[in-house]
Amino acid sequence: MREIAVYIHIPFCSSKCYYCDFVSFPRLDKRIDEYVECLIMEMELYKDMLKECTVETVFIGGGTPSYIDESHIMRILEYLYQNYKSDGIKEITIEVNPETVEYKKVKAYKDTGINRISIGLQSTNDNLLAQIGRRHTFDDFLKSYEIIEKAGFNNISVDLMFGLPNQNIDDCVNSLDSVIDLNVKHISYYSLIIEENTLMNRWYKEGKMKLPDEDVEREMYHVGVELLKSKGYRHYEISNFAVQGYECRHNLYYWKIKPYIGFGISSHSNIGNKRFWNYSSYSSYINALKNGNIPMEGEEYIDKDMQMAEFMIMGLRLVDGVNRNEFKKRFNVDVDEIFGKALNRHFKNGLITEKNGNIMFTERGLDLSNIVYVDLLPD
Amino acid sequence: MQKVKQKNIRNFSIIAHIDHGKSTLADRLIEKTGLLTSREMHEQVLDSMELERERGITIKLKSIRLSYRGEDGEDYVLNLIDTPGHVDFNYEVSRSLAACEGALLVVDATQGVEAQTLANVYLALEQNLEILPVINKIDLPSARPDEVKKEIEDIIGIDAQDAPLISAKEGINIESVFKEIIDKIPSPEGDSNLPLKALIFDSYYDSYKGVVSYIRVFEGTIKPGMRIRMMSTNKCFEVTEVGVNTYSQIPVDKLEAGEVGYVVAGIKNVKDARVGDTITDHDNPTESPLPGYKKVVPMVYCGIYPAEGEDFNSVRDALEKLQVNDASLVFEPETSAALGFGFRCGFLGLLHMEIVQERLEREFDLNIVTTAPSVIYKIKKKSGEELDIQNPTNMPDLSEIESMKEPIVSASIMTPTEYVGPIMELCQNRRGTYINMEYLEETRVMLHYDLPLNEVIYDFFDALKSRTRGFASFDYELKGYKESDLVKLDILINGELVDALSIIVHRSKAYERGRKIAEKLKEEIPRHQFAIPIQAAIGSKIIARETIKALRKDVLAKCYGGDVTRKKKLLEKQKEGKKRMRQIGTVDVPQEAFLSVLKYDE
């Protein structure tokens, strides 16, 4: 019996944050019914193909999934429960933004089986929030957090960002302190990446926006990591920290390259040796499903060389790194036979280390991970 | 092909500054003689190479034969011989002028006479050509034909009162140009019954015919079946075809004294049909060759290397192919510790160098790295040995050197008076020696300087252009060698000497150049996981230093959901970029860094 992770994309939100490059349509309320209809059609199309798989985790991401009416979320999950093997689901996460949280809504989530909530806070500094296009304040967050706890959620994750324009190290420390004080079980502490096709990219290119310099940005990271560790959080992935036992199970499917299926516009799937992805154009996605077709935009066959490289690249994101035995078991070959030369080089220059048969990044390696990744890719 | 009497032949060139309308006038003449309809004419027929058209200049010269019925009812043959417009090709210009009896001097009615025009006018005067001024672009509102006429008279000293006022672009007054050509340019002389004496003024390689040479017959007759001899090399060939250039090449029975045409003789390489050489009859040779033949020698050298991932052999094949058509291009294999196997190439000048580089990249689709251009230095060692050095790597240790000489050019810069200050400053900066300044008219002067050639090849044109907003024009010729205090400037990246970046400079400029190059390299080389010192050194003495700070961050922090493909694409792009770099020790150096030594950015 194979296990699978399910991702569900909700491409709606109240407004686009300035750094966001995920597929999301602000205020496109009149299309929500149609979209959910199509999403269910898509789940229907895959139903038989995946009938042997048991769903282990579900992640409802966006956009802002909490922007749409909870009845839609309930309907999607009900469909999943009835048509997929979902008796043993361990984790169902939904992403929410503070300004969309209300008791009735989160209570409904809880009642439908959602057991983990990920809140996008990003910063506790209201000025910074406004500058990156967030529509909530820190106070809004505190209120929403209280509601979520009241609705019975214990497994809550909070997203914070560093490296924001005009942010300083104190801002980062203050944000982390405030969140830690709430006894949050899981914290994602992300570096801002300027993506193409975002407003921020344009401002940055036009010189209208200044980012903290590289050294400051790294200090923000390292100070954050130390602070979180000192408060008992386990640094288990480059950007993720959790109280023991509260690591995100769903994301581990990505990092370990285990099977996952993505439903919804622009979502990605990884099954067997195939990686495939859905249309990111709204009309293409809808039209495909209305005609009874799988809305697949592209696929990629991953050969063994690439599978091994991906396994290393994704696995090294985990602070525990890649286990030698696990690699051997999966690919039937010694990790050194394939990557010995590259690993050795970076072992020597201090980017890689090894502990108890686990190959992992050093602290410096985490900062310079691309240098190692590039050498792991097949030629 | 209709034969005409020798007295009805006119052989002429057009002399003009870039942009003054030479090619447009040529087009108009061709069109008016009915050789082509304007629709047939790919704009500017004579400039057929893509690169030439793009740069608006003519690189290889060609000729075209036009038939024209004069006002007197007689049929005339007008041979228009095109010339390259750039100083690098001075010798080739002089040879094509030698094939003519006259030249049209095209002057832009809004711009007046320019330095480059003058250089070619003097070449034409040396050949005793009849020079006919033509004032072009009179349709422009800013045209000042009377002043320009006066300028021509003042500066060149030829009568310009009858100069036709035309607009080649608009086709205005083209007829009067024909009239001038027929009335004023002398017909050729020479006896067709004497032994053959023909001048090669251009040769190119054709993959079907072999080498095709453009010739002007001065004495005798050339026809298929004849055994001919190249007088500079004494090599013999059998003529398989002679003909004339109209729209296409048209074979004829023979070419006689006074005529211009082409000859094909089973020649495999343009080196055997050099420009300026005299062709004679092997069995009945003429006594002496035509004067003026020179074997052209390169003035500027640089290294050309295959870029990372490019094949050495494909670069060699391409250079060989170019050389078949370009007798002035020389190259030989060399090895650089930094760049691997490559070639040392010699060129007539900077433009020639650029053209070759561009053709390698464009026509042969090659990825190449070029090193800083160099000139030939003459070194006298204490041992008494004398060396010619054009590759800085071969420069002996300073302690072994008795004396060094560098090539000096005499430069003429024509400029509106307002830019005299900045130009003098520039020339001073470039170690120039002021010779004199002539007033051409109230608002324009000609400055004469002696300049070291190694300063001229180093971004001088661009510096001049930017200081004079493009108004100054520049021309130079080699004057000789002069003793000079020169040093080899080395660049060390992370402690390793990079031979491809070494240059020879005057001691007084070494600090400045060293600092500039180090700064440039700092910009070009990406940050690594360790700090990288960049040093400029003379011998063991470090004269400038920059440090590339260690890279602190190179991550994809964001988890793009399950989009592993995207993450991988970003990494693959990074890997590609890395592959294109050169490894110097443990440092990855982008190809562009090697060009950074070429730019001055004053």
Side-chain angles (χ1 to χ4, degrees), chain A residues 5 7 9 21-22 59 61 162-163 188-193 195 213-215 217-219 221 237-240 251 253-255 257 260-262 266-270 275-277 298 300 302 306 309-310 313-314 317 346 349-351 364 366-377 379, chain B residues 306-311 367 493-496 522-533 546-591 593:
Chain A
Y7 176 78
H9 192 69
D21 77 329
F22 286 102
F59 195 102
F162 62 92
S188 291
Y189 185 53
Y190 284 108
S191 162
L192 169 74
I193 304 272
E195 303 285 351
D213 88 24
E214 215 170 272
D215 293 345
E217 200 260 7
R218 280 297 95 183
E219 203 180 337
Y221 179 64
E237 194 264 354
I238 290 183
S239 315
N240 286 288
N251 280 345
Y253 273 76
Y254 302 148
W255 295 323
I257 319 227
Y260 52 86
I261 178 94
S266 81
S267 49
H268 282 242
S269 304
N270 180 63
R275 171 112 11 87
F276 52 93
W277 50 93
E300 191 191 3
I302 316 291
M306 193 51 96
E310 288 184 353
I313 289 170
M314 295 305 280
R317 292 188 66 89
H346 295 297
N349 63 31
L351 300 185
R364 241 183 115 231
L366 287 174
D367 289 344
L368 301 172
S369 52
N370 284 1
I371 292 181
V372 177
Y373 290 158
V374 160
D375 285 345
L376 295 176
L377 281 177
D379 277 320
Chain B
E308 202 65 49
E310 194 66 79
D311 184 21
N367 238 325
I493 295 179
N494 206 22
E496 252 183 78
K522 185 182 172 182
E523 283 168 31
E524 297 281 351
I525 298 173
R527 289 168 76 174
H528 283 53
Q529 43 179 317
F530 43 86
I532 304 167
E546 292 281 341
T547 304
I548 301 171
K549 283 202 295 180
L551 180 69
R552 292 294 311 277
K553 175 194 167 195
D554 190 3
V555 290
L556 298 169
K558 200 159 151 189
C559 177
Y560 302 99
D563 192 352
V564 182
T565 304
R566 170 163 172 191
K567 201 188 300 274
K568 224 167 55 196
K569 278 210 179 105
L570 291 170
L571 289 172
E572 269 162 0
K573 211 167 138 195
Q574 192 167 343
K575 189 182 175 101
E576 265 317 298
K578 197 181 160 187
K579 264 200 208 154
R580 277 198 307 271
M581 294 200 210
R582 287 280 175 176
Q583 280 238 296
I584 293 183
T586 47
V587 181
D588 294 322
V589 180
Q591 321 266 21

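Below, read A as the first sequence line, B as the second, and so on, with proteins coming before strands; counting in each chain starts at 1.
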Can you tell me how far apart [atom1] ([X]) and [atom2] ([Y]) are? Round to the nearest 0.5 Å.
| X | Y | atom1 | atom2 | result |
| --- | --- | --- | --- | --- |
| A/E219 | B/R552 | CD | CZ | 8.0 Å |
| A/Y373 | B/L570 | OH | CG | 12.5 Å |
| A/I302 | B/T565 | CD1 | OG1 | 5.5 Å |
| B/R566 | A/R275 | CZ | CZ | 14.0 Å |

Do the non-hydrogen side-chain atoms of A/H268 and B/V564 ever get within less than 4.5 Å of each other?
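Contact flag for A/H268/B/V564 side chains = no.
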
So, do A/R364 and B/Q529 sit near enough that their side-chain heavy atoms are less than 4.5 Å apart?
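Sidechains of B/Q529 and A/R364: in contact.
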
Please assess B/L551 against A/E214 for the test side-chain contact (heavy atoms from CB on, under 4.5 Å), listing each intermediate value before the final yes or no.
CA-CA 8 Å; B/L551 180 69; A/E214 215 170 272; 3.6 Å; yes

Could you tell me whether B/K578 and A/D375 make a salt bridge, using a distance below 4.0 angstrom between a side-chain N and a carboxylate O?
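Between A/D375 and B/K578 there is a salt bridge, with a charged N closer than 4.0 Å to a carboxylate O.
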
Any carboxylate oxygen within less than 4.0 angstrom of a Lys/Arg side-chain nitrogen, looking at A/E300 and B/K569?
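The answer is no: the pair does not qualify as a salt bridge.
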
Stepwise, does the side-chain contact (heavy atoms from CB on, under 4.5 Å) test hold for A/M314 with B/K567?
CA-CA 10 Å; A/M314 295 305 280; B/K567 201 188 300 274; 3.6 Å; yes

If you count heavy-atom pairs within less than 4.5 Å of chain A, which of B/K549, B/K575, B/K553 leads?
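Option with the top pair count is B/K553.
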
Choice from B/K568, B/Q574, B/R527 maximising heavy atom contacts with chain A below 4.5 Å:
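Top option by heavy-atom pairs under 4.5 Å: B/K568.
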
Of all residues at least two apart in sequence or in a different chain, which pass the ring pair (Phe, Tyr, Trp, His ring centres under 6.0 Å) check with A/H346?
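Once residues adjacent in sequence are excluded, A/H346 has no partner under the ring pair (Phe, Tyr, Trp, His ring centres under 6.0 Å) criterion.
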
The criterion is ring pair (Phe, Tyr, Trp, His ring centres under 6.0 Å); which residues satisfy it with A/Y221, sequence neighbours excluded?
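For A/Y221, the residues satisfying ring pair (Phe, Tyr, Trp, His ring centres under 6.0 Å) (neighbours in sequence not counted) are A/F162.
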
Where does A/I313 contact chain B at under 4.5 Å (heavy atoms): side chain, backbone, both or neither?
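Side chain of A/I313 only, per the 4.5 Å heavy-atom cut-off to chain B.
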
Is it the side chain or the backbone of A/D215 that comes within 4.5 Å of chain B heavy atoms, both, or neither?
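For A/D215, heavy atoms of backbone and side chain both lie under 4.5 Å from chain B.
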
So which of A/D367, A/I257, A/N349 has the largest heavy-atom pair count under 4.5 angstrom toward chain B?
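Between A/D367, A/I257, A/N349, the count favours A/D367.
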
Which heavy-atom pair separates A/L368 from B/V555 by the least distance, and what is that distance?
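Distance-wise, the nearest heavy atoms are N-CG1, 4.2 Å.
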
